[in-house]
Each structure stands twice: as structure tokens, then as C-alpha cells.
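One structure is given below, encoded as C-alpha cells.
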Amino acid sequence: MKKKPVLLFALLIMAWNGMAQLKEPRNVLLFLYENVEILDFAGPMEVFMQAGFNVYTVAPDKEIRAMNKLRITPDYILDDPNIPQADILALPGGDGAFACIENPKIVEWIKTISAGTQLNFSVCTGAYLLAEAELLNDKKATTFHTLLDDMQQRYPKVNVLKQVRFVDNGKEVTTAGISAGIDGALYLISRVLGKQRAIQVAQNMEYDKWKPDSEGLILNRDSFNEIKAKGFAKAVSEGKTLPFYKGELLALAEYYTQQNDYTEAAQYYEFIIKSYTATAGDYNELAKFYKKQGKDAPPTWEEFLAIIKDKGVAKAEEAWLEVKRKRPDWIIFSRWGLYMNAYHEYFEKGDTEKAIQIMELVIKAYPDFPNAYFQLGEYYTKLNNKNKALENYKKAKSLAPDNEEFAKKVAELEK
């Protein structure tokens, strides 16, 4: 009887593997045009780039002027055959949107591009472009607050909503005006990569206006409710259509965590780790769920930091090596997580020796991480150990030869 859960999980994985999964979107095509609103495109562009997506711009001409006269040179023009395949089509708004919907070439181009995308995203009057391309027919949408009635009159097949910051129909996501595009882009990041990643992006941007659990309308999520009612195992065994983005699965795991159902939540993380690009945070959450169930699990990130603080870096390294021996793929810490811990908790507080020990552990785990070698160079410089500093600066430079700061440090010490 004890083998039944393992067998069940194996069957679930087989069922999931037989279902078409959406790949994680990487390419964001940002369409620009004459008199586009600056924040409509710049805000979401910053969000997508902070999240690590590849953002490139396409416009009808080699140079355009945004509203308020900002000159922009796009990466590609409309009919360039070398435009990369877009995973996300982003259509900002602005006064020039109305000229675009009168241009059959642009409208047809949007139809063609959107046929191959995973998600179509609009800000402000960018929703008019989606509507003109008939991508919002029989769907709900929103736009700039003074144009809600106008859009409804122009496009009677679209249900235009008021007093909502964004609307998610599944493939099409529309937002209200200007700053709302930032909120909508953050929401997309949370849907694709998870809410914690979106929160991190918002913090990096020092944007404190986003409310991840409000101000938006999320539609076509019947599968979420079905899974909540039946549970992961039963829903998958019945071959139901389930959410596919990692962020959506993380949202379901969060739901079960709030219900204190750690067994159910753990199943999502087990599947995410097997099927998606897993992070140290994913493993950390799974370790917590295992411990809640009384199962054997590696140290959590918090427990690992406590070992460093209370027992020393050598003991922490022993714990890490033991985990690597038993579970070779398990990630206790990310390179940046431990890097920042060394800097903020020890170096900034005057414990340079311990910061060096931690950074050396980072390098053992991530030997191709140039910033760690550079930071070691900084630490040894603090200790007036020129030879060790130069050795690490050189290693950083060899791993990132185009980094001017690394090269400058090497040149200074070689004088």
C-alpha cells in the first residue's frame, strides 16, 4: 500500500507528459508607431526586460516620434523578414492608434503575427488594434477611461468593461491607460513565471502601486475551479484541460498552501521541478512542504543560512555536499541569493573573512559565475591582498571579457 502514492505520481506524470504544454514565452514584440504614448510602451518594456524576456521593437518606419516628440529608432520595420517569432505581441496605445486602425497593412500584419503568439497584450488604445484585428470579438476588454464608450460603439462585438485595470481572456490581455500597462505586464509575469517573480520585478523597479490580487478581471479559468474541487490527481487522471504556465501552477500551489493542504501543494512543485525551469525557490518550497508532512527533506534556504550564521561556512558546505550526494539535482541556494547574503550580512557589517568563505562556496556551486570572482577580488582588495585580488579579477574578466569594469580592475592592479 505504501507504494501506491509513488505509482500514482508516476501515472500523473505520464498523463501530463501526454498533454501539450505551452513553452515559457521569451520573445516580446513591442509594436510602435507615430504618436505612441511613451509610458504605454516604456513601462511594460521595463517589466518584461526586468523579468529576463527578449524585448524588441517593430514599427512601420525606420524612425518614429512618440507623443511629446521622443524620437525612436525601432529594431525592425514592419515588413522585415528577419523579425523573430513573437511569443507575446504587445500593443501600446496613444493618439496614433487611430491612424493604425485605418491602415489595412498594419491590421493585417497584427492578424498574421498574432496567429503565432501565445499571448496578445494591449495598453490603453492598443485595445483598438486588437479589436480591429477581430481578436476581441465575443470577449471582454478595457481601454483608456475616457474612451470606453467610444470603443464599445466602434466594436459592438466586444464587451468593454469600466472600472477595471486589466482584463485577462486567456490569450488576450487588455489594460486601461498609461500606468495600467505596468500593472498588466506585472500580472502577465505572475501568470507565466509566478507571483513572487513579479513581486521581485516590481521591487527592482521600485514600483509600489501594483496590487497583485486585485484591480483585474481574470476570465476563462474554469479549470482552476475544477482542480480546486477535485484536486491535482483526479483532475489529471481524467485528462482535463489544465493551466500550463508555471505561474498558474504556482498560483494553485499557493491556494492549497493557504488551505494548509501541503500534500496537494507539494504535487505541484514536484511537477514544476520535473517539467519546467526550476529555481532554488521552487526547491525551497517543496522542502517546506515535505517537512510539514514529516518527510525527509534537505535544509530550506532559511535553515541553510542559519547553519552559516550559527555553525560556520564549513558546516554549511558539508550540508550542501551531503544534499548533492543524495539528491544531485536539488538546489538549496541560487548564485545571486548566496552572493547577496555574503555581501549584505557579512561584508557590509565588517566580516570580510566570512564573506570570502561564502563567496568561495558560491563559486564551488557556480564556477562560471563571473560576478562572484569579481566580488572576491573586491573582498581581497579590502584585506590588501593584491595577489589574490588580481587572481580573481582576472578570472572574472576571462569569463566576461566584454565587461569594462572587470577589465579596468585588472589593468589597475597590473600597473
Side-chain angles (χ1 to χ4, degrees), residues 2 5-6 9 13 193-197 199-200 203 246-247 249-250 252-349 351-369 371-373 375-376 379:
K2 292 182 179 180
V6 177
F9 183 67
I13 292 297
L193 301 179
K195 185 166 72 173
Q196 290 306 311
R197 184 71 182 102
I199 290 172
Q200 182 184 47
Q203 290 173 341
K246 177 182 176 180
L249 295 171
L250 289 171
L252 285 164
E254 181 182 22
Y255 167 79
Y256 283 105
T257 303
Q258 293 170 350
Q259 308 302 312
N260 297 323
D261 189 343
Y262 304 114
T263 301
E264 185 74 18
Q267 292 184 67
Y268 291 96
Y269 278 95
E270 287 170 335
F271 179 75
I272 286 168
I273 286 169
K274 182 182 184 300
S275 305
Y276 294 80
T277 302
T279 66
D282 298 329
Y283 284 95
N284 187 52
E285 290 301 308
L286 184 57
K288 290 178 181 178
F289 294 142
Y290 282 163
K291 291 173 188 287
K292 291 282 188 180
Q293 298 174 64
K295 294 182 177 181
D296 178 56
T300 64
W301 166 241
E302 294 79 9
E303 291 169 342
F304 188 74
L305 293 183
I307 295 172
I308 292 176
K309 181 179 179 181
D310 301 332
K311 298 181 179 180
V313 179
K315 285 293 183 183
E317 183 174 344
E318 288 178 13
W320 170 67
L321 290 173
E322 180 65 12
V323 172
K324 295 297 289 181
R325 184 180 67 82
K326 292 182 177 179
R327 308 177 194 234
D329 296 328
W330 196 279
I331 306 172
I332 296 180
F333 55 86
S334 69
R335 60 181 188 173
W336 281 109
L338 202 53
Y339 173 103
M340 297 306 293
N341 174 260
Y343 183 80
H344 291 298
E345 295 301 319
Y346 297 99
F347 180 70
E348 281 193 330
K349 296 177 181 179
D351 194 346
T352 304
E353 292 286 358
K354 198 164 189 177
I356 287 174
Q357 294 172 19
I358 296 172
M359 201 60 67
E360 287 175 342
L361 178 55
V362 173
I363 287 171
K364 288 177 182 177
Y366 300 95
D368 296 327
F369 184 24
N371 298 72
Y373 293 98
Q375 200 61 42
L376 263 183
Y379 296 164

**Request:** Might you point out which heavy atoms bring A287 and A297 nearest each other, and give the distance in Å?
**Result:** O-CB, 3.8 Å
**Message:** Are more than 12 heavy atoms, taken from residues, nucleotides or ligands other than K292, located less than 6.0 Å from that residue's NZ atom?
**Reply:** no
**Asked** Can you list the steps and then say if L250 with K195 is a side chain to side chain contact (heavy atoms under 4.5 Å, CB included)?
**Response** CA-CA 8 Å; L250 289 171; K195 185 166 72 173; over 6 Å; no
**Request:** Quick one: do M359 and F369 satisfy side chain to side chain contact (heavy atoms under 4.5 Å, CB included)? Show the steps, please.
**Result:** CA-CA 11 Å; M359 201 60 67; F369 184 24; 5.7 Å; no
**Request:** Compare all side-chain heavy atoms of T257 with those of F289 and state whether any distance is below 4.5 angstrom.
**Result:** yes
**Asked** Looking only at heavy atoms, what is the nearest atom pair of F304 and A316, with distance?
**Response** CE1-O, 3.2 Å
**Prompt:** Could you give the distance from OH (Y256) to OG1 (T263), rounded to the nearest 0.5 Å?
**Reply:** 12.0 Å
**Request:** Evaluate the side-chain proximity of K288 to W301: yes if any heavy-atom separation is below 4.5 Å, no if none is.
**Result:** no
**Asked** So Q258 and E254, side chain to side chain contact (heavy atoms under 4.5 Å, CB included) or not? Walk me through it.
**Response** CA-CA 6 Å; Q258 293 170 350; E254 181 182 22; 3.8 Å; yes
**Request:** Answer yes or no: is there an ion pair linking E360 with K364, defined by an N-O contact shorter than 4.0 Å?
**Result:** no
**Item:** Partners passing side chain to side chain contact (heavy atoms under 4.5 Å, CB included) against T279 (at least two apart in sequence or in another chain)
**Value:** K246, D282
**Message:** Holding to side chain to side chain contact (heavy atoms under 4.5 Å, CB included), I want the full list of residues that pass it with K309, two or more places apart in sequence or in another chain.
**Reply:** Y346
**Request:** For the pair F271 and Y276, evaluate side chain to side chain contact (heavy atoms under 4.5 Å, CB included) and give the outcome as yes or no after the intermediate values.
**Result:** CA-CA 8 Å; F271 179 75; Y276 294 80; 3.6 Å; yes
**Prompt:** What are the two closest heavy atoms between A342 and A355, and how far apart are they?
**Reply:** O-CB, 3.6 Å
**Complete:** In short, Y283 meets I331 closest at the heavy-atom pair CB-O, 3.3 Å
**Item:** Contacts of K295 that satisfy side chain to side chain donor-acceptor pair (under 3.5 Å) - sequence neighbours left out
**Value:** none
**Message:** Please enumerate all residues that pass side chain to side chain donor-acceptor pair (under 3.5 Å) together with Y366, with sequence neighbours excluded.
**Reply:** none
**Prompt:** Are E285 and Q196 close enough that some pair of their side-chain heavy atoms sits under 4.5 Å apart?
**Reply:** no
**Asked** Which pair of heavy atoms, one from Q293 and one from A266, lies closest together, and at what distance?
**Response** NE2-CB, 3.7 Å
**Sole candidate of L286, L305, N284 that passes side-chain contact (heavy atoms from CB on, under 4.5 Å) when paired with T300** = N284
**Prompt:** Are E322 and K326 within salt-bridge range, i.e. N to O under 4.0 Å?
**Reply:** yes
**Prompt:** Hey, what do you get for CD1 (I363) to CD1 (I358), rounding to the nearest 0.5 Å?
**Reply:** 12.5 Å
**Asked** From Q267 CD over to I272 CD1, what is the distance, rounded to the nearest 0.5 angstrom?
**Response** 12.0 Å
**Asked** Side chains of K315 and E318: closer than 4.5 Å at any heavy-atom pair?
**Response** yes
**Prompt:** T352: what forms a side chain to side chain contact (heavy atoms under 4.5 Å, CB included) with it, not counting sequence neighbours?
**Reply:** F347, I356, Y379, K382, L383
**Prompt:** Rounded to the nearest 0.5 Å, how far does CD of E317 lie from CD1 of I308?
**Reply:** 10.5 Å
Acceptor/donor pairs from residues 332-341 side chains to any protein atom, 3.5 angstrom cut, sequence neighbours excluded:
from, atom 1, to, atom 2, distance (Å)
S334, OG, G337, N, 2.9
Y339, OH, Q375, OE1, 2.9

**Polar side chain donor-acceptor pair, N371 to Y373, under 3.5 angstrom** = no
